[in-house]
Chemist: 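Structure incoming, see below.
The shown structure was predicted, so the numbers you read here are calculated from the model rather than taken from an experiment. Counting begins at 1 with the first residue of the sequence.
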Amino acid sequence: MFIVAVTGGIATGKSTISKVFERQGIPVIDADKIAREIVEPGQPCWRQIREVFGDEVLLPSKEINRAVLGKMIFEDKELRGKLNKITHPTIHRKIFWQVCKLLVTGHAWIVLDLPLLFETGVLMDFIHKIVCVTCDSDKQLERLIARNELSESEARHRVDSQMPLDKKCEKSHFVIDNNGSVEEAESSAMSIYNLMRDSKQHWLNRISFLGLFLIVGFTIYMLLKVFNRLPESWQM
């Protein structure tokens, strides 16, 4: 199995692209969905957020007031760092376990929808190919303001908190320009899907894993034999 990461800037249309892969039967691990789940009331991250940021970031239902918390962290880099320190380790741990579960199901490849792939850098070593979804800065701001009901200043703070899109594009294997219609973006995603579907990388990964398993197994066998700890049933 190999992993294809979908990344990009806020409000560039990453979810649209991930859904294309999902409709083709490819499992998608959505980091944003995990981020929402781990801050539900009573969760360890929720308790830490309440302790650090206070009750002012809670709704009457005790759920996190994402609008209030978002305004705080995107205007203050130090506060943003505190939130990331609380949530990122848990997000990465849950992503890891979801990948492990999918590994044993026999899928050739999966998609990881991770907006901050480059910013955190934690999962880079596990990614086979990277797809960056991009659009013009004016369109990005327009979409973000409309989607989150933000002022232009608030939207700019959120965009500026991430790595510039041009740098993300430079580091990616594929770039999808999402300035046009949804149909055009989906067509670009299907082209990438067809390339990944025809890839033999998952076979190479499986062969490598099997080889590693055999080497480790043989090493353990020889060590046990050398130190006379080999079970009788293993002896020839």
Chemist: Transitively linked via ILVMFWY side-chain contacts under 4.5 Å: Phe96 with Met124?
Modeler: no

Chemist: Taking all non-hydrogen atoms of both residues into account, name the closest pair between Trp46 and Lys62 and its distance.
Modeler: NE1-O, 2.8 Å

Chemist: Check step by step if side chain to side chain contact (heavy atoms under 4.5 Å, CB included) holds for Leu83 and Phe53.
Modeler: CA-CA 9 Å; Leu83 180 64; Phe53 294 91; 4.1 Å; yes

Chemist: Nearest 0.5 angstrom please: Ile110 CD1 to Glu22 CD, how far?
Modeler: 12.5 Å

Chemist: Drop me the distance from Asn178's CG to Thr16's OG1, to the nearest 0.5 angstrom.
Modeler: 6.0 Å

Chemist: The test is side chain to side chain contact (heavy atoms under 4.5 Å, CB included); show your working for Ile130 and Phe118 and say whether it passes.
Modeler: CA-CA 10 Å; Ile130 301 172; Phe118 294 118; 3.9 Å; yes

Chemist: Indicate the atoms forming the closest heavy-atom contact of Pro89 with Asn84, along with that distance.
Modeler: CD-O, 3.7 Å

Chemist: Apply the side chain to side chain contact (heavy atoms under 4.5 Å, CB included) test between Ile38 and each candidate in Arg93, Lys94, Gln43; give the one that qualifies.
Modeler: Lys94

Chemist: Should side-chain heavy atoms under 4.5 Å link Ile, Leu, Val, Met, Phe, Trp and Tyr, which residues sit in the same cluster as Leu116?
Modeler: none

Chemist: Within the distance-only criterion (no hydrogens, no angle test), does the side chain of Thr7 pair as donor or acceptor with the backbone N or O of Leu114 below 3.5 angstrom?
Modeler: yes

Chemist: Hey, what's the ring geometry for Trp109 with Phe2, parallel, tilted or perpendicular (30° and 60° as the breaks)?
Modeler: parallel

Chemist: Once you round to the nearest 0.5 Å, how far does CE of Met190 lie from CG of Leu195?
Modeler: 10.5 Å

Chemist: Is there a side-chain contact between His173 and His128, using heavy atoms and a 4.5 Å cut-off?
Modeler: no

Chemist: Would Asp55 and Arg50 satisfy side chain to side chain contact (heavy atoms under 4.5 Å, CB included), going step by step from the backbone distance to the final call?
Modeler: CA-CA 6 Å; Asp55 287 346; Arg50 184 179 186 180; 2.7 Å; yes

Chemist: Please give me the minimum heavy-atom distance between Phe21 and Ala189, naming the atom from each residue.
Modeler: CE2-O, 3.7 Å

Chemist: If we ignore hydrogens and angles and just use 3.5 Å, is the side chain of Thr12 paired with the main-chain N or O of Val133 as donor and acceptor?
Modeler: yes

Chemist: Search all heavy atoms of Met72 against all heavy atoms of Val57 and return the closest pair with its distance.
Modeler: SD-CG1, 3.6 Å

Chemist: Answer yes or no: is there a donor N or O on one side and an acceptor on the other, between the side chain of Asn179 and the main chain of Asp136, under 3.5 Å?
Modeler: yes

Chemist: Walk me through whether Ile10 and Arg147 qualify under side chain to side chain contact (heavy atoms under 4.5 Å, CB included).
Modeler: CA-CA 11 Å; Ile10 187 171; Arg147 188 188 73 183; 3.7 Å; yes

Chemist: If Ile, Leu, Val, Met, Phe, Trp and Tyr residues are connected whenever their side-chain heavy atoms lie under 4.5 Å apart, and connections chain through other members, are Leu79 and Val68 in the same group?
Modeler: yes

Chemist: Tyr193 and Val182: same hydrophobic cluster, using ILVMFWY side-chain contacts below 4.5 Å?
Modeler: no

Chemist: Under 3.5 Å, which donor-acceptor pairs link side chains of residues 23-35 to any protein atom two or more places apart or in another chain?
Modeler:
| from | atom 1 | to | atom 2 | distance (Å) |
| --- | --- | --- | --- | --- |
| Arg23 | NH2 | Glu186 | OE2 | 3.2 |
| Asp30 | OD1 | Asp32 | N | 2.9 |
| Asp30 | OD1 | Lys33 | N | 3.3 |

Chemist: Would you give the length of the straight line joining atom CE of Met163 to atom CG of Leu117, rounded to the nearest 0.5 angstrom?
Modeler: 9.0 Å

Chemist: Using a strict 4.0 Å threshold on nitrogen-to-oxygen distance, state whether Glu119 and Lys168 make a salt bridge.
Modeler: yes

Chemist: Where is the tightest heavy-atom contact between Val39 and Cys45, given as atom of each residue plus distance?
Modeler: CG1-CB, 4.4 Å

Chemist: Minimum heavy-atom separation for Leu150 and Glu154, please, with both atom names.
Modeler: CA-OE1, 3.6 Å

Chemist: Under the 3.5 angstrom rule, does the side chain of Thr105 hit a backbone N or O of Leu102 as a donor-acceptor pair?
Modeler: yes

Chemist: Return the CD1 to CD distance between Ile91 and Glu37, rounded to the nearest 0.5 Å.
Modeler: 10.5 Å

Chemist: Looking at Glu152 and Arg156, is any side-chain nitrogen of the basic one under 4.0 Å from a carboxylate oxygen of the acidic one?
Modeler: yes

Chemist: Using side-chain heavy atoms (C-beta onward) and a distance below 4.5 Å, is Val131 in contact with Val111?
Modeler: no

Chemist: Would you kindly confirm whether Phe126 and Val122 end up in one hydrophobic cluster when ILVMFWY residues are joined by side chain heavy atoms under 4.5 Å apart?
Modeler: yes

Chemist: At what distance, to the nearest 0.5 angstrom, does CE of Met196 lie from CG of Asp198?
Modeler: 9.0 Å

Chemist: Hydrophobic cluster membership, with links at side-chain heavy-atom distances under 4.5 Å among I/L/V/M/F/W/Y: are Leu165 and Val175 in one?
Modeler: no

Chemist: Taking ring-ring contact (aromatic ring centres under 6.0 Å, His included) as the test, write out the residues that go with His88, two or more places apart.
Modeler: His92

